[in-house]
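Quick note: numbers below take in every heavy atom, side chains included, and nothing from hydrogens, waters or symmetry partners. None of the values given here were measured: they were computed from a predicted structure. So that the names make sense, note that chain A is the first sequence line, chain B the second, and so on, each numbered from 1.
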Amino acid sequence: MARSYNPEEIETKWQAVWAREKTFYVANPTLQDMQKGKAGGATYILEMFPYPSGSAHMGHVKNYTMGDVIARFRRHQGRLVLHPMGYDAFGLNSENVAIQTGEHPAVFTERAIATINRQLRRLGVAIDWDREVVTCRPEYYKWTQWLFLQFYKKGLAFRKEAPVNWCPSCQTVLANEQVIQGTCERCSTEVDAKKLEQWFFRITDYAERLLEDFNKLENWPERVITMQRNWIGRSTGSDVIFRLAAKGAEHGSSAPATADSAVSAAGGVADPLDPLAGTEITVFTTRPDTLFGATFFVMAPEHPLVEEMVCGTETEEDCRRYIRQAMGASYIERSNAEKEKTGVFTGRYVENPINGALIPIYIADYVMMDYGTGAIMAVPAHDERDFDFALKFNLPVIEVISSPEEFKNPDGSMKEAYVGDGLLVNSSHFNGLPKTEAIRQVTEWLKEQGKADFAVNYKLRDWLLSRQRYWGAPIPIIYCEKCGQVAVPEKDLPILLPDITDYQPKGKSPLAAAEHFMNTTCPTCGGPATRDPDTMDTFVDSSWYFLRYASARRDDVAFEKAAVDYWLPVDQYIGGVEHAILHLMYSRFFCKVLYDLGLVGFEEPFKNLFTQGMIHYKGAKMSKSKGNVVNPDEHVAKYGADSLRSYILFIGPAESDVEWQDKGIEGVYRFINRVWRVSCEAIEAGWLATPAGATQGTLGPLPEEAELTAAEKALLVKTHQTIEKVTADIGERFHFNTALAAIMELNNEIVAARGGDDGGPAATSSGRRVLAEAVETLIRLLEPFTPHMCAELWEMMGRKSIWDAPWPEVDSRFLSLETVEMAVQVNGKVRDRLMISKDAAAADVIAAAKALPGVVKYVEGKTVVKEIVVPGKLVNVVVK
RNA sequence: GCCGGAGUGGCGGAAUGGCAGACGCAACGGUCUUAAACACCGUAGGGCUAUGCCCGUGCGGGUUCGAGUCCCGCCUCCGGCACCA
């Protein structure tokens, strides 16, 4: 009587063994060996670490199981695998809990960590827990602060006053990347624009390298690269210098209506009555070729020159009113491209450097201060937004790129903006040039006169890293009345986060009220000084945790260079696509800075990236608020970790969103039970025992091929085909669902070959040997998915640790049968089937095919025009 | 608006240009059982004048001996960005 499958018992037994024996512990090689490089097959498998907000959810189960399958698979392939885990433990969730309950965020966080840790161990994930990192503990954030100081010394961390995104609900500023369509990434509250002095990382200095180094990545999803590329938003064009005309200058010159006829005006002449006259205002444009079509000029309401410029003009009051209104508008109102254009004439003019024409300056909120220079030349004929504006304010539209008829009215005027290619017209000596050539020549011509230059612009903004919140790493900067802004000396790190009682943010960090924290002495002069009350964005913590794993317990360095250079870059990183920009771009930036500082020897942290899909339930993303959460613990309790792990990967492709089906896991559970039963039977029957004379822990040599019956040969072929498929599915394609399907097929064949429960047909010794081969392979292929059951079966076989067992190898002799079945088509439709030797010559295959009754019927009386043979698969006879 | 991705049975899904629907769920029939559960065996895209034939991978064209797969034009859904000059 075979033992019944009891996952609870088996799984807790093996989890205890793994914990006790530290099975998954991986020591760093000696310094000497590490310095020899990654030669020893060192492989770093990493999943994005969890944010401990309570307990693990199905998304975590999927993420960590996937990583575990790959880690175990690589291990069996003989690699030295690093597979660590940690917790992204600072952050707003715990702090908001603290505000509600008064409980210290550290207490809440440590409890959540303990829960998730227990869950991960209960899932049987092969993690080296000796390398665990927790970002909210001083031994970790000491080094976050230390890294901040390295950035600071390099001028890459700096303070500036700038318009920033403020979330009124979270009571803190946010980075651009944390604003999703004008709302806070965390709480979806609409953000306000506020002008504040804040800390930034100079990520814009790295924009070019962040783009270039995409080519250093081996295998990243194209869409993630595209998202980052769009976010960085590089565009090439020119900076063109316009000069502010003196008040009233426009009356002395011709109107700027026709470009070619314009004459140079008095724009550049200093005017004692108007100190601003002649001021240079630079614009960035991707279309310098359309400069002759610039009929007006627009500045953002926030532009620093605007206030002064409108002073004393007739429209001063209108301008001030408009600016007030524009600044008061919400981000969403402001950025709605659909809304009608608004703006106001400033009463002033600028001189177009290409022809000296004076064109009116408007203030309009469709020009943004945070892109380019906050001022644009407006070319209504060839820009849709400028066209809308010109229409509304009745400004001239001059065609300067020959436009197709459908863009024009019958009288030749522009009906809508034409942004496509064409030849220049109305553009003086540039007439006739094609667009791209004109872009170059116009810029060069102006450059010679010092009025323009080629320029590159990015959408990417510097990373705003300070937060007016409590639960984060304090910024290690001190403000002294005498010495100003002073970096905390490294020997004084960490700056410990003090305990406080009132976590409520009040527009500034709760730390600002903690006097014993705030009041300190200046490390330079010893005089009274105050600390920075802000904490760091949690994305700073997560931008380097993957480095810390390499030498997690070192307390004298953030990470050991030899160790990071040995293990990194990460060979396989796995996580949700929601981090496509935020975490993944910040980490890439950090890595490049650390490379420049000589702290790491590589410029990209993650060589291969896999982004998993989400698990939906009842048609929607699982969430507490929708009440459609499926609890992993319940399924572990009911079916065992092995079943849950397998099912979560079996549902569908790992990279796509999939729907959880309540009955689905039962099917996988049944499958696992069948594997258990068939394996136990084979083991108890002694088929899997090591025969006398064979190497310990092996099945001994296979019988000669000639001794095998057709059925035995078929099972052997199925076994090796399955090895081939599963190896490729796990190792190359991440198709865990089809890997499992293939293993299920093998199991089905074993069940069929073995016969019924009462004895079965395994009558011959060669048959038993082939069955043993199949069962042993089944267990080994399944180990990454169901490690507990496989460990138990392995032990029952009398073998040593399956964790250390090698991955099964394909024997190419057994990848196909001698005789294959081929489909026979006539004109592309299957009409018969043919059993024939796999090595049969094409001519013989065709002859045999044409003799089949189902084929003769369709070929008779027709002319054969073509015959196609796909070896081992199909024949197509084309007739007329 | 721009840039990605996806549309295949009742459901989740499978298929280097080569037999569409592997594998699993649900369903149905049977064996076992006093009975049920479990387990096991079997049936299963649709249609028809059924030993056979026709139709079928969102829609319409095309390339090819052969298209779920490649090309062109649409439709729908999902994701990202969005007055980016």
Side-chain angles (χ1 to χ4, degrees), chain A residues 4 180-182 221-231 233-235 237 283-287 290 298 300 334-339 341 364-368 370-379 382-386 388-389 457-460 577-578 580-581 613-614 616 647 650-653 655-668 670-671 673-674 677 728 735 737-745 747-748 751-752 756-757 821-833 854 857 864-880:
Chain A
S4 68
I180 312 294
Q181 281 164 7
E222 204 48 54
R223 63 176 175 145
V224 173
I225 292 177
T226 304
M227 280 163 72
Q228 288 200 10
R229 185 170 280 134
N230 292 343
W231 187 262
R234 181 185 204 267
S235 55
V283 304
F284 173 74
T285 177
T286 55
R287 297 295 304 277
T290 63
V298 190
R334 172 91 185 257
S335 63
N336 178 11
E338 308 297 309
K339 83 166 189 207
K341 295 276 177 289
D365 67 359
Y366 83 91
V367 172
M368 305 292 164
D370 62 3
Y371 184 79
T373 61
I376 63 159
M377 63 178 221
V379 184
H382 305 292
D383 182 283
E384 282 158 23
R385 297 149 302 173
D386 297 345
D388 291 347
F389 193 88
N457 224 301
Y458 302 91
K459 268 166 64 179
L460 183 70
V577 76
E578 66 272 18
I581 295 172
M614 280 185 304
H616 291 202
Y647 178 59
F650 183 67
I651 307 182
E655 70 277 15
S656 45
D657 291 354
V658 290
E659 175 83 11
W660 175 273
Q661 300 197 108
D662 289 318
K663 289 296 173 74
I665 189 169
E666 289 183 19
V668 171
R670 277 198 286 271
F671 156 69
N673 265 284
R674 277 194 293 272
R677 218 174 307 123
H735 285 197
N737 55 332
T738 55
L740 278 163
I743 297 171
M744 287 174 179
E745 283 187 53
N747 188 47
N748 291 344
V751 170
D757 287 332
E821 188 185 59
M822 295 177 76
V824 182
Q825 299 181 331
V826 179
N827 287 349
K829 286 188 194 297
V830 179
R831 297 301 184 184
D832 214 328
R833 302 187 159 273
K857 209 160 77 179
V864 175
V865 233
K866 202 166 186 177
E867 289 151 336
I868 288 130
V869 177
V870 182
K873 285 195 174 157
L874 144 157
V875 182
N876 189 12
V877 181
V878 186
V879 297
K880 250 204 301 218

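- For G17(B), neither phosphate oxygen OP1 nor OP2 lies less than 4.0 angstrom from any side-chain nitrogen or oxygen of K873(A).
- Mapping E821(A) and K857(A) onto RNA chain B by nearest heavy atom places E821(A) at the nucleotide closer to the 5' end.
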Polar atom pairs (N or O), protein with nucleotides 6-12 of chain B, under 3.5 Å:
from, atom 1, to, atom 2, distance (Å)
C11(B), O2', Q661(A), OE1, 2.9
G12(B), O4', Q661(A), NE2, 3.4
G12(B), O2', I651(A), O, 2.8

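- Distance noted for atom C1' between A6(B) and U31(B): 44 Å (whole Å).
- Ranking G18(B), A26(B), G24(B) by closeness to the M744(A) side chain, first place goes to G24(B).
- Nucleic acid contact class of R385(A) (heavy atoms, under 4.0 Å, all strands): base.
- Aromatic ring pairs are classed by plane angle as parallel below 30°, tilted from 30° to 60° and perpendicular above 60°; the pair F284(A) and Y371(A) is perpendicular.
- Residue D365(A) places its side chain closer to C83(B) than to any other of A15(B), G80(B), C83(B).
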Pairs under 3.5 angstrom, nitrogen or oxygen only, protein versus nucleotides 28-32 of chain B, please.
none

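- Among the atoms of the strands shown, none is found under 4.0 Å from any heavy atom of T373(A).
- Within the 4.0 angstrom heavy-atom criterion, base atoms lie near K341(A).
- Taking atom P in both A22(B) and U8(B), the straight-line distance is 16 Å, to the nearest Å.
- Summarising the geometry, the separation between CD1 on I868(A) and P on C65(B) is reported as 7 Å, rounded to the nearest angstrom.
- R831(A) has no side-chain polar atom (N or O) that falls below the 4.0 Å cut-off from OP1 or OP2 of G52(B).
- For the pair K341(A) and F389(A), the cation-pi criterion (under 6.0 Å, within 45° of the ring axis) is not fulfilled.
- When the C1' atom is used for both G12(B) and G17(B), the distance is 27 Å, rounded to whole Å.
- One can place NE2 of H735(A) at 12 Å from C1' of U16(B), the figure rounded to the nearest angstrom.
- Looking at heavy-atom distances under 4.0 Å, M368(A) makes contact with a base.
- Residue N876(A) places no side-chain N or O under 4.0 Å from the OP1 or OP2 atom of G18(B).
- Between the P atoms of C25(B) and C40(B), the separation comes to 10 Å (whole Å).
- With its glycosidic angle more than 90° from 0, G5(B) is assigned anti.
- Annotation: of the two residues near RNA chain B, N230(A) and V577(A), the 5′-most nearest-nucleotide partner is N230(A).
- Put simply, CD1 on I225(A) is 19 Å from P on G80(B), counting in whole angstrom units.
- Between N747(A) atom CG and C40(B) atom P the separation is 10 Å, expressed in whole Å.
- Annotation: C32(B) and C41(B) have their P atoms spaced 15 Å apart (nearest Å).
- Comparing the C1' positions of G58(B) and G5(B) gives an interatomic distance of 15 Å, to the nearest angstrom.
- Comparing G24(B), A39(B), C81(B) by their nearest atom to the side chain of N748(A) picks out G24(B).
- Taking only side-chain atoms of K663(A), from C-beta outward, the nucleotide of C40(B), A22(B), A26(B) with the closest atom is A26(B).
- For E666(A), whose side chain is taken as the heavy atoms from C-beta onward, the closest listed nucleotide among C83(B), A26(B), A85(B) is A26(B).
- Closest approach to the Q825(A) side chain among G18(B), G80(B), C3(B) is made by G18(B) (side chain taken as heavy atoms from C-beta onward).
- Using atom P as the reference point in both C71(B) and G18(B), the two lie 15 Å apart (nearest Å).
- Here G13(B) presents its P atom at 20 Å from CZ of F671(A), a figure rounded to the nearest Å.
- Using a 4.0 Å heavy-atom criterion, one finds that R229(A) contacts no nucleic acid atom at all.
- In this structure, CG of N673(A) is placed 17 Å from P of A37(B), rounded to the nearest angstrom.
- Listed candidates were C83(B), A39(B), A82(B). Nearest to the side chain of Q181(A) is A82(B).
- In RNA chain B, runs of at least 3 stacked Watson-Crick or G-U pairs (N1-N3 plus N6-O4 or O6-N4, or N1-O2 plus O6-N3, all under 3.5 Å) give these stems: B:1-7 with B:75-81, B:10-12 with B:23-25, B:27-31 with B:39-43, B:45-48 with B:52-55, B:58-62 with B:70-74.
- In this structure, A50(B) is classed as syn because its glycosidic torsion stays within 90° of zero.
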